**Q** 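This structure is in structure tokens; I'll ask about it shortly.
Remember, it's a predicted structure, so these values are computed and weren't measured experimentally.
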Amino acid sequence: MSMFSQYPFHPTPVAPAASIVASASQRITVLTDGLLRFESDPSGKFEDRASTFAINRDLPTPKFQVIKKNDGSGGLEIITEKLHLLWTGEEFSPSSLHVLLRDKGWENKGWTHEWRYGDRHFKMTNLGGTYRTLDRIDGRCDLGDGILSQYGLSIVDDSESMLFTEDGWVAGRDAGKSDIYLFAYGLDYRGALNAFYTVSGKTPLIPRWALGNWWSRYYAYSQQEYLDLMDRFKKEKIPLSVGVLDIDWHLIDVPAEYGTGWTGYTWDKKLFPDHIQFMKDLHERNLKVSLNVHPADGVRTFETAYEEMCKALNRDSSTGVPVPFESTSKEFLEAYFKLLHHPHEDEGVDFWWMDWQQGPFSEKKGLDPLWILNHYHFLDSGRKGQRRFTFSRYAGPGSHRYPIGFSGDTVISWASLDFQPEFTATASNVGYGWWSNDIGGHYHGIKDDELYARWVQLGCFSPILRLHSSQSPFNSREPWVFGHEAQDVATKTLQYRHRLIPYLYSLSVKAATTGENIVEPIYYDYPKYTEAYQNKNQFFFGNQIMVLPITAQSDPKTKLGNVQGWLPPARWVDLFSGLVYDGDRTVSLYRNLDGYPVFAKEGAVIPLDGKHGSEIENGAGVPESIEIVLVVGADGSFDLVEDDGTGAGIQDVTLSTTPIRYEQSTGTLTIGASENPLLKERSWSVRLPAHTGSAVSLQVDSLESVPTPKFKDGVAFLGKFSTSSTITLVLGQTPQLDVVDPKPRIFRLLQDAQIGTDLKGDIWDAVQGFGKVSVGVVLSRLNAAAGNEKIKEAIEELLLADGRPLAA
């Protein structure tokens with residue numbers, strides 16, 4: 001029996017007969033009330049096998065009505081809650097078939113929301129998808145089409161995708177057939193995405209350790225050099241969870257007759273005299289190990305596995321002819337896993353970096369080697385019962401089933417940095433939520449301390465934070481090779497990333513169960529606001545945090561970075577500066593290098609690892625202490641979700657859930673008892689940004705006497721309690737965010753600015769009226785001061801941030 005038929009991949013691709021309307025050569029399947037499948041096949045042999053995009057079509061038949069014409073033409077109408085289809089009964093074409101979106105009350109801007117068979121761009125309102133690889137791209141690239149559109153209608157053309165057969169193998173498509181899926185969900189973007197995941201499968205649950213900091217570099221490290229580097233990170237108090245080795249782990253300097261050294265499976269003993277001990281040493285440092293592999297050149301005679309591969313494939317090893325890489329051969333791929341990869345995994349390799357970049361072509365038409373590698377590597381990665389995981393490029397719709405994504409070798413530039421937030425967020429429009437970008441960029445460019453620091457800050461609020469660079473000795477990503485300020489910012493940011501892991505892992509479970517990705521565009525939640533589409537770099541980082549990344553150089557006079565963005569309706573707090581902002585408006589934000597615009601609105605509840613700075617360790621273990629960041633002002637909630645790391649998939653995992661609830665009217669934060677707790681006891685603290693802690697009380701179960709929490713630097717330390725206890729912190733009725741006089745911040749801003757002293761004095765005189773006269777008068781006086789416009793814009797931000805009056 002083939003190993004592939006034994007993999008746990010069981011698609012359900014055959015739709016119920018009740019969901020199908022067909023003629024001899026045309027077939028329509030009503031998959032959901034807003035998702036239709038259109039097949040055209042002159043032979044009438046329609047495709048019921050799973051494709052790379054569609055693996056589940058055996059869905060409950062949605063409610064729909066069929067109205068047939070009485071003229072014998074075969075024409076009909078199909079009506080669901082979301083759409084109205086009209087078909088003449090003839091071969092599918094723009095004139096024979098069209099679909100109307102049924103208006104559910106949202107503004108149509110004068111358009112008729114209609115799709116005619118063959119349409120693609122829908123008045124150019126498709127919100128984009130993602131791209132196979134950013135190799136050699138400096139700045140923007142075309143992101144193609146996703147499944148979401150402001151027009152409300154979009155398609156996935158599945159006509160040429162690879163198929164999965166019943167025996168666990170793959171097949172190509174027959175020519176001359178079309179297979180189109182129409183999403184008709186209007187501005188219900190989450191509804192469209194739910195339909196996408198229903199048909200294409202859910203995102204797998206990734207291992208917790210993947211959410212920490214990764215170290216990666218294209219560089220020929222020696223065994224001791226790499227271990228020393230890991231120890232240097234520890235000395236610098238920078239936590240890591242993954243150590244990646246690029247191609248130089250294997251033999252590179254190969255005989256000329258074999259071509260390049262990109263492909264290899266044999267450790268270079270000159271660099272790694274004892275690779276087994278090396279991986280043990282990394283594991284002892286609480287790091288997972290990944291090796292890079294480029295399989296395109298097959299297996300050549302200098303490989304230790306050459307003889308075995310020849311024997312397994314009935315080849316004569318005495319000829320010295322390389323064993324070619326044949327992804328479409330069952331026999332080759334089975335030997336590829338059993339002889340080339342499993343032995344390395346048995347020695348300590350935790351996962352593989354599939355660095356495949358040869359394009360979509362293979363020995364058999366319609367079979368994409370990237371799809372084959374992603375699919376089988378992912379399934380094979382759980383062969384010992386561990387969490388399935390791989391690391392490879394995007395292959396097309398359906399790729400979300402094979403996390404993590406490697407986005408390719410980007411150019412080191414501000415243009416590349418400026419594109420990455422949009423690139424990462426927009427990928428959610430095709431369900432692809434786990435991009436790992438080269439943080440810092442891969443090659444070319446120049447060394448720029450500010451660019452590096454801003455890239456690390458973006459990495460902190462990316463799905464995966466992987467520091468990476470090319471093999472140049474002058475191009476590396478260790479924080480200590482940059483200037484003091486950039487080093488300090490990068491160090492603190494990398495520490496903060498590990499503090500975020502309790503929040504991030506809870507969100508990763510959400511991604512695997514509800515389809516909500518960690519990084520998403522803001523228009524998912526605000527589809528009717530024009531500003532949500534205009535600010536493409538702005539994104540939600542989970543359901544509690546919004547990020548407006550700074551991706552451009554700072555002004556040389558103010559020394560401040562700037563970003564334009566939009567704050568949705570609510571009151572928001574910058575988690576790092578503590579500034580409070582009114583929402584429902586466009587803003588221009590200015591920050592020092594050690595500042596980054598990361599917002600949470602009233603009612604946000606964010607669990608962090610309770611350790612700080614040098615206390616944070618490698619790995620991503622379940623923390624014994626949790627710090628809750630609570631933004632008062634509105635009701636809020638969050639479920640802290642954890643597990644013990646076992647189980648190959650979400651269905652195998654026992655989740656531990658700790659509910660955290662906040663009620664604004666009573667000012668009560670409740671930490672509920674943990675379901676399936678992993679720890680007997682846990683310490684808790686609560687940080688209250690922009691809120692000066694007043695008298696509080698603490699209740700734990702029915703205990704009559706509990707010490708009053710101690711406040712330090714805005715944090716209330718509650719103590720250590722049983723995870724089966726219910727903990728209640730009472731802040732008092734309707735606590736509010738502080739109204740803070742901005743003048744002290746403005747003074748510091750002026751003090752640091754590289755502008756004339758007289759101009760500083762004029763500006764400061766204008767600001768003195770704040771709180772005494774109207775803001776409009778203060779701004780008028782500010783604008784009358786001649787000089788640097790950037791400094792005035794930065795001061796205007798502070799004056800207008802919070803519209804509430806200062807206390808008398």
**Q** Under the side-chain hydrogen bond (donor to acceptor under 3.5 Å, both in side chains) criterion, do Thr424 and Asn437 qualify, and how do the steps go?
**A** CA-CA 8 Å; Thr424 305; Asn437 301 313; 3.0 Å; yes
**Q** Any chance you could measure Leu567, atom CG, to Gln538, atom CD, to the nearest 0.5 Å?
**A** 7.0 Å
**Q** With a 4.0 Å cut-off on N to O distance, would you call Lys611 and Asp609 a salt bridge?
**A** no
**Q** On the 0 to 90° scale, with breaks at 30° and 60°, tag the Phe599-Trp572 ring pair as parallel, tilted or perpendicular.
**A** perpendicular
**Q** Hey, are the side chains of Ile439 and Arg477 touching, using non-hydrogen atoms and a 4.5 Å cut-off?
**A** no
**Q** Using a 4.5 Å cut-off on heavy atoms from C-beta on, say whether the side chain of Leu640 contacts that of Ile671.
**A** no
**Q** Would Glu617 and Arg285 pass as an ion pair if we require N to O under 4.0 Å?
**A** no
**Q** Is there a side-chain contact (heavy atoms from CB on, under 4.5 Å) between Leu718 and Leu698? Walk through the geometry before answering.
**A** CA-CA 8 Å; Leu718 310 187; Leu698 183 66; 4.2 Å; yes
**Q** Taking atom CD as the centre, does Gln733 end up with more than 12 heavy-atom neighbours from other residues, nucleotides or ligands that are less than 6.0 angstrom away?
**A** no
**Q** Between Arg682 and Ile626 (side chain of the first, backbone of the second, donor and acceptor by atom type, cut-off under 3.5 Å), is there such a pair?
**A** no
**Q** With a 6.0 Å cut-off (strictly less than), is the heavy-atom count around NZ of Lys712, excluding the residue itself, greater than 12?
**A** no
**Q** Can you check whether Ser407 reaches Asp438 side chain to side chain, under 4.5 Å on heavy atoms?
**A** no
**Q** Is the closest basic N to carboxylate O distance between Arg190 and Glu520 below 4.0 Å?
**A** yes
**Q** Looking at every heavy atom in both Thr491 and Pro479, which two are closest together, and how far apart are they?
**A** OG1-CB, 4.0 Å
**Q** If you take all heavy atoms of Ile518 and Leu507, which pair is closest and at what distance?
**A** CG1-CB, 3.8 Å
**Q** When you compare the side chains of Ser674 and Thr658, does any donor N or O come within less than 3.5 Å of an acceptor on the partner?
**A** yes
**Q** Please tell me if the side chains of Pro569 and Tyr526 come closer than 4.5 Å, counting only heavy atoms from C-beta onward.
**A** yes
**Q** Before you tell me yes or no, could you show the steps for Thr551 and Val563 under side-chain contact (heavy atoms from CB on, under 4.5 Å), namely the whole-Å CA-CA distance, both residues' side-chain angles and the distance that decides it to 0.1 Å?
**A** CA-CA 8 Å; Thr551 58; Val563 60; over 6 Å; no
**Q** Looking at Trp209 versus Phe389, is the centre-to-centre ring distance below 6.0 Å?
**A** yes
**Q** Looking only at the aromatic ring of each residue, does the gap between the centers of Tyr529 and Trp566 stay below 6.0 angstrom?
**A** yes
**Q** Phe391 and ring pair (Phe, Tyr, Trp, His ring centres under 6.0 Å): which partner among Phe406, Trp352, Trp434, Trp435?
**A** Phe406
**Q** If we ignore hydrogens and angles and just use 3.5 Å, is the side chain of Asn618 paired with the main-chain N or O of Leu287 as donor and acceptor?
**A** no
**Q** When you compare the side chain of His400 with that of Val430, does any pair of heavy atoms fall below 4.5 Å?
**A** no
**Q** What I want to check is whether the side chains of Ser436 and Arg466 have a donor and an acceptor closer together than 3.5 Å.
**A** yes
**Q** Side-chain contact test, heavy atoms from C-beta onward, threshold under 4.5 Å: evaluate it for Val631 versus Ile606 and give yes or no.
**A** no
**Q** State, with a plain yes or no, whether a side-chain heavy atom of Arg497 is found less than 4.5 Å away from one of Leu504.
**A** yes
**Q** Could you list the residues that satisfy side-chain hydrogen bond (donor to acceptor under 3.5 Å, both in side chains) with Gln564, not counting sequence neighbours?
**A** Asn562, Ser588
**Q** Under 4.0 Å between a side-chain nitrogen and a carboxylate oxygen: does that hold for Asp574 and Arg591?
**A** yes
**Q** With rounding to the nearest 0.5 Å, note down the distance linking CD in Glu516 to CZ in Phe540.
**A** 11.5 Å
**Q** Do side-chain atoms of Arg208 reach the backbone of Tyr505 as a donor and acceptor pair under 3.5 angstrom?
**A** no
**Q** State plainly whether the residues Asp488 and Lys492 are in salt-bridge range, i.e. N to O under 4.0 Å.
**A** yes
**Q** Okay, side chain of Glu681, backbone of Thr723: is any donor-acceptor separation there less than 3.5 Å?
**A** no
**Q** Hey, mind stepping through Asn676 and Thr654 against side-chain hydrogen bond (donor to acceptor under 3.5 Å, both in side chains) and telling me if it holds?
**A** CA-CA 8 Å; Asn676 303 317; Thr654 299; over 6 Å; no
**Q** Is Ser200 reaching over with its side chain to a backbone N or O of Phe196, donor-acceptor style, under 3.5 angstrom?
**A** no
**Q** Would you name the heavy atoms of Ile550 and Gly595 that are closest together and state the gap between them?
**A** CD1-O, 4.4 Å
**Q** For Glu615, is the CD atom crowded, meaning more than 12 foreign heavy atoms sit under 6.0 Å from it?
**A** yes
**Q** Hey, mind stepping through Asn429 and Tyr524 against side-chain hydrogen bond (donor to acceptor under 3.5 Å, both in side chains) and telling me if it holds?
**A** CA-CA 10 Å; Asn429 294 346; Tyr524 286 14; 2.7 Å; yes
**Q** Please name all residues satisfying side-chain hydrogen bond (donor to acceptor under 3.5 Å, both in side chains) with Thr390, sequence neighbours left out, ordered by chain then number.
**A** none
**Q** Mind checking side-chain hydrogen bond (donor to acceptor under 3.5 Å, both in side chains) for Asp350 and listing every partner two or more places apart, or none if nothing turns up?
**A** His283
**Q** Going by atom types only, do Asp639 and Thr657 share a side-chain donor-acceptor pair under 3.5 Å?
**A** no
**Q** Between Trp455 and Gln420, does any side-chain donor sit less than 3.5 Å from a side-chain acceptor?
**A** yes
**Q** With a 4.0 Å cut-off on N to O distance, would you call Asp418 and Arg454 a salt bridge?
**A** no
**Q** Under 3.5 Å, is there a donor-acceptor pair between the Glu531 and Tyr533 side chains?
**A** no
**Q** Under the side-chain hydrogen bond (donor to acceptor under 3.5 Å, both in side chains) rule, what do Gln664 and Tyr662 come out as? Steps first, then yes or no, please.
**A** CA-CA 6 Å; Gln664 169 65 10; Tyr662 175 68; 2.7 Å; yes
**Q** Is the distance between the ring centroids of Tyr503 and Phe638 less than 6.0 Å?
**A** yes
**Q** Pair Trp480, Tyr452 - check ring pair (Phe, Tyr, Trp, His ring centres under 6.0 Å), show working.
**A** CA-CA 12 Å; Trp480 55 87; Tyr452 168 73; over 10 Å; no
**Q** Which pair of non-hydrogen atoms, one from Pro239 and one from Asn213, has the smallest distance, and what is that distance?
**A** O-ND2, 2.9 Å
**Q** What distance separates Arg388 CZ from Phe378 CZ, expressed to the nearest 0.5 Å?
**A** 6.5 Å
**Q** Minimum heavy-atom separation for Ser725 to Asp701, with atom names?
**A** OG-OD2, 2.9 Å
**Q** Might you work through the side-chain contact (heavy atoms from CB on, under 4.5 Å) test for Val632 and Leu630, ending with a clear yes or no?
**A** CA-CA 6 Å; Val632 300; Leu630 169 64; 4.3 Å; yes
**Q** If you take all heavy atoms of Gly431 and Thr203, which pair is closest and at what distance?
**A** O-OG1, 4.0 Å
**Q** Find out whether Lys528 and Leu187 are in side-chain contact, i.e. whether some heavy atom of one side chain is under 4.5 Å from a heavy atom of the other.
**A** yes
**Q** Going through the distances and angles, do Phe461 and Leu500 end up as a side-chain contact (heavy atoms from CB on, under 4.5 Å)?
**A** CA-CA 9 Å; Phe461 299 98; Leu500 280 166; 4.0 Å; yes
